[in-house]
Q: 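Following this message is one structure expressed as structure tokens.
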Amino acid sequence: MRVVIVTESFPPDVNGVAHCALQTARHLVDRGHHPLVVAPAPAPGTAPDTDAPCPVVRIPSLPLPGYPQVRVALPSRRLAAALVTHRPDVVHLASPFVLGARGMAVAARLGLPAVAVYQTDLAGYARTYMGAGEAAAWRRIRSVHAAADRTLAPSSAALGDLETHGVPRVRLWPRGVDTVRFRPDRRDEELRRELAPNGELIVGYVGRLAPEKHVELLAGVCALDGVRLVVVGDGPSHAHLTEALPGAVFLGRRTGDDLARIFASLDVFAHTGPFETFCQTVQEAMASGVPVVAPAVGGPLDLVDHGRTGLLVPPRDAEAVQGAVRFLAEDPARRNAFGAAARTLVEGRTWAAVGDRLIGHYEDVLAGHRTAVAA
């Protein structure tokens, strides 16, 4: 099968969309298929795509104003040329909004079936950054996804949101996790001594440092006796958070085995973002054998078994976050039991398993497309 993956983000970007697009391309290659990735060009001077498993066509891009880590693709003939040259059986649109919307238009013009993968709560972002604009964001989402042959939602909450807002032909497709890279035996006692020299309990956050993540809700965790907060990631809120989270250790952006070592060395993982359609870092923490505290909204509802693998708390409730961390901090046996259960729960959620499910969606869409063409 020949597939063109049109994605709003791709490595070296570090985010859920980029990671999922990379894992999808890798799995297609592993299964003998022929993917091509089309993505915005990274910032000038960025290292080339040495780890890409397939060819990557880069579209000229500009940084998003106020958030330079995010690149927005400019109009370019390269997109249409890539689709024409690659001759795909199906077009995969990863979190389509700007580049993906253009990809959808080109696919429609060429008569190619398209699968759109919903990954970003753009309506929630509009609410955070503009204080309004949710209706306009949903109109955009509905317009792009309604043109696709199938939309794949990462969680039951996201699927419900899409159907409520009139997006047709939605199916559930969760995300995988690298259970070989993220595993409990990567726990590093030397690293733990560096992060918490007085033997403090280590609570970690991993993700973008941006307003929509509400990382400032962890301020109460910093105030707990015998607790050290460790923050991994970067973004426009970094300077603000260094003031809002006194005593926290900021490690910047980490990836690969280095990130896996940090995850496994935590005692508790805490996530605060209320706009997660899935929340990959929660799943990576669970694969690392770490109990999770997360908001009871969006993707975490599918991931965290409350009272068994972690604790779900009301979204944007700093006191609830602090109380959940305190509850886990008080009992090492409880933390160990939650962490072990978390690892067991995600062991079957490999990228290979969910990748095969994705190929099944492709095959369903292709069959329907052929039937419609033949009619």
Q: Under the 6.0 Å and 45° cation-pi test, does R186 pair with F263?
A: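 No, R186 does not sit over the ring of F263.
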Q: If you round to the nearest 0.5 Å, how far is CG of L195 from CD1 of I262?
A: 7.5 Å
Q: Mind checking whether V346 and L266 sit in one hydrophobic cluster, side chains of I, L, V, M, F, W, Y counted as touching below 4.5 Å?
A: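 Yes.
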Q: Search all heavy atoms of V313 against all heavy atoms of A324 and return the closest pair with its distance.
A: CG1-CB, 3.8 Å
Q: Considering non-hydrogen atoms only, spot the tightest contact between L99 and V38 and give its length.
A: CD2-O, 3.9 Å
Q: Would you say CZ of R87 has more than 12 non-hydrogen atoms from neighbouring residues, nucleotides or ligands within 6.0 angstrom?
A: no
Q: Is any side-chain heavy atom of L312 closer than 4.5 Å to one of L301?
A: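 In contact.
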Q: Nearest 0.5 Å, please: how far is CG in L201 from CG in D225?
A: 12.0 Å
Q: Could you give the distance from NE2 (H238) to CZ (F250), rounded to the nearest 0.5 Å?
A: 5.5 Å
Q: Could you label the plane-to-plane angle of the H165 and W138 rings as parallel, tilted or perpendicular, counting under 30° as parallel and over 60° as perpendicular?
A: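 H165 vs W138 ring planes: parallel.
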Q: Is Y362 reachable from V117 through a run of I, L, V, M, F, W or Y residues, each pair having side-chain heavy atoms under 4.5 Å apart?
A: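 In one cluster: yes.
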Q: Are any of the side-chain heavy atoms of S155 and E276 separated by less than 4.5 Å?
A: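 With C-beta onward as the side chain, the pair stays apart.
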Q: To the nearest 0.5 angstrom, please state how far the OG1 atom of T281 sits from the CG atom of L303.
A: 9.5 Å
Q: Within the side chain of H214, is there an N or O that forms a donor-acceptor pair under 3.5 Å with the backbone of T272?
A: no
Q: Between the main-chain N or O of S61 and the side-chain N or O of R71, is there a donor-acceptor pair closer than 3.5 Å?
A: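 Checked: pair present.
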Q: Is it the case that the side chain of R183 and the backbone of V180 share a donor-acceptor pair, with hydrogens and angles ignored and the cut-off at 3.5 Å?
A: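 Yes; judged by distance alone, with no hydrogens or angles, the pair exists.
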Q: Determine whether L358 and L152 satisfy the following criterion, side-chain contact (heavy atoms from CB on, under 4.5 Å), listing intermediate values before the conclusion.
A: CA-CA 9 Å; L358 176 63; L152 301 179; 3.5 Å; yes
Q: Minimum heavy-atom separation for Q322 and G220, please, with both atom names.
A: NE2-O, 2.8 Å
Q: With sequence neighbours excluded, what pairs up with V98 under the side-chain contact (heavy atoms from CB on, under 4.5 Å) test?
A: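 Checked V98 against side-chain contact (heavy atoms from CB on, under 4.5 Å); matches are E8, V72, R102.
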Q: Does the side chain of R109 come within less than 4.5 Å of V106's, by heavy atoms?
A: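 Touching, per the 4.5 Å side-chain cut-off.
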Q: If I compare all heavy atoms of I59 with all of L74, which pair ends up nearest, and what's the gap?
A: CG2-O, 3.4 Å
Q: Decide side-chain contact (heavy atoms from CB on, under 4.5 Å) for F97 and V144; before the verdict, give the C-alpha distance in whole Å, the side-chain angles of both, and the deciding distance to 0.1 Å.
A: CA-CA 7 Å; F97 194 67; V144 174; 6.0 Å; no
Q: More than 12 heavy atoms of other residues, nucleotides or ligands under 6.0 Å from CD of E319: is that the case?
A: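 No, because the 6.0 Å sphere around CD of E319 holds 12 heavy atoms or fewer from other groups.
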Q: Is it true that a side-chain atom of S288 and a backbone atom of V290 form a donor plus acceptor pair closer than 3.5 Å?
A: no
Q: Would you say L311 and M286 are hydrophobically clustered, going by side-chain heavy atoms of ILVMFWY under 4.5 Å?
A: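 Shared cluster, no.
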Q: Is there side-chain contact between I359 and H27, with at least one heavy-atom pair below 4.5 Å?
A: yes
Q: Any side-chain heavy-atom pair from H19 and W351 closer than 4.5 angstrom?
A: yes
Q: Can you check whether L191's main-chain N or O pairs, donor with acceptor, with D188's side chain at less than 3.5 Å?
A: yes
Q: Other residues, nucleotides and ligands only: do more than 12 of their heavy atoms fall within 6.0 Å of CD on E190?
A: no
Q: Is any side-chain heavy atom of R58 less than 4.5 Å from a side-chain heavy atom of F10?
A: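 The answer is yes; the side chains approach within 4.5 Å.
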Q: Nearest heavy-atom pair of A244 and E216: which atoms, and what distance?
A: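 Looks like CB-CB, 4.5 Å.
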Q: After noting the C-alpha distance and the side-chain angles of F338 and V268, does the key distance pass the side-chain contact (heavy atoms from CB on, under 4.5 Å) rule?
A: CA-CA 10 Å; F338 277 32; V268 177; over 6 Å; no
Q: Tell me if the CG atom of D185 is crowded by more than 12 foreign heavy atoms within 6.0 Å.
A: yes
Q: Would you compute the distance between atom CG of L241 and atom NZ of K213 and round it to the nearest 0.5 angstrom?
A: 12.5 Å
Q: Going through the checks in order, is the salt bridge (charged side-chain N to carboxylate O under 4.0 Å, His left out) test met by E330 and R335?
A: CA-CA 9 Å; E330 290 171 346; R335 292 198 305 275; over 6 Å; no
Q: Which word best sums up how the rings of Y205 and H271 line up, parallel for under 30°, tilted for 30 to 60°, or perpendicular for over 60°?
A: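 Plane angle under 30°, so parallel.
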Q: Measuring from R171:CZ to R357:CZ, what's the distance to the nearest 0.5 Å?
A: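 The CZ atom of R357 is 12.5 Å from CZ of R171, to the nearest 0.5 Å.
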Q: Checking the side chain of R334 only, and the main-chain atoms of F327 only, is there a donor and an acceptor separated by less than 3.5 Å?
A: yes
Q: Please report the closest heavy-atom contact between Q119 and V17, naming both atoms and the distance.
A: NE2-CA, 3.6 Å
Q: If we only count heavy atoms from C-beta on, is the Q283 to F278 side-chain gap below 4.5 Å?
A: yes
Q: May I have the step-by-step check of salt bridge (charged side-chain N to carboxylate O under 4.0 Å, His left out) for R187 and D267, ending in yes or no?
A: CA-CA 10 Å; R187 189 175 180 89; D267 295 301; 3.0 Å; yes
Q: Would V4 and V57 count as a side-chain contact (heavy atoms from CB on, under 4.5 Å) if you check the C-alpha gap in whole Å, the side-chain angles of each, and the deciding distance to 0.1 Å?
A: CA-CA 10 Å; V4 170; V57 174; over 6 Å; no
Q: Decide side-chain hydrogen bond (donor to acceptor under 3.5 Å, both in side chains) for H361 and R150; before the verdict, give the C-alpha distance in whole Å, the side-chain angles of both, and the deciding distance to 0.1 Å.
A: CA-CA 8 Å; H361 287 296; R150 179 169 295 186; 3.0 Å; yes
Q: If only atom types and distance count, is the side chain of T309 paired as donor or acceptor with the main-chain N or O of V304 below 3.5 Å?
A: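 A pair under 3.5 Å: no.
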Q: Where the side chain of H369 meets the backbone of G111, is there a donor-acceptor pair that is under 3.5 Å apart?
A: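 Side chain of H369 to backbone of G111: a pair is present.
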Q: Linking I/L/V/M/F/W/Y whenever their side-chain heavy atoms sit closer than 4.5 Å, directly or via other members, would V6 and V37 fall into one cluster?
A: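 No: no chain of side-chain contacts under 4.5 Å links V6 to V37.
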Q: Take S156 and D302 through the side-chain hydrogen bond (donor to acceptor under 3.5 Å, both in side chains) test and state the conclusion after the steps.
A: CA-CA 7 Å; S156 55; D302 284 358; 2.6 Å; yes
Q: Is it possible for you to say whether L366 and L112 belong to one hydrophobic cluster, with membership spreading through side-chain heavy-atom contacts below 4.5 Å?
A: no
Q: Using atom types as modelled and distance alone, determine if a side-chain donor or acceptor of D149 lies under 3.5 Å from a backbone N or O of A114.
A: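 Between the backbone of A114 and the side chain of D149 there is a qualifying donor-acceptor contact (under 3.5 Å).
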Q: Determine, for R343 against E347, whether the closest basic-nitrogen to carboxylate-oxygen distance falls under 4.0 angstrom.
A: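 A salt bridge links R343 with E347.
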Q: Could you check if a side-chain atom of Y118 sits within less than 4.5 angstrom of a side-chain atom of I141, using non-hydrogen atoms only?
A: yes
Q: Donor-acceptor pair, distance only, cut-off 3.5 Å: does the side chain of R169 make one with the backbone of V167?
A: no
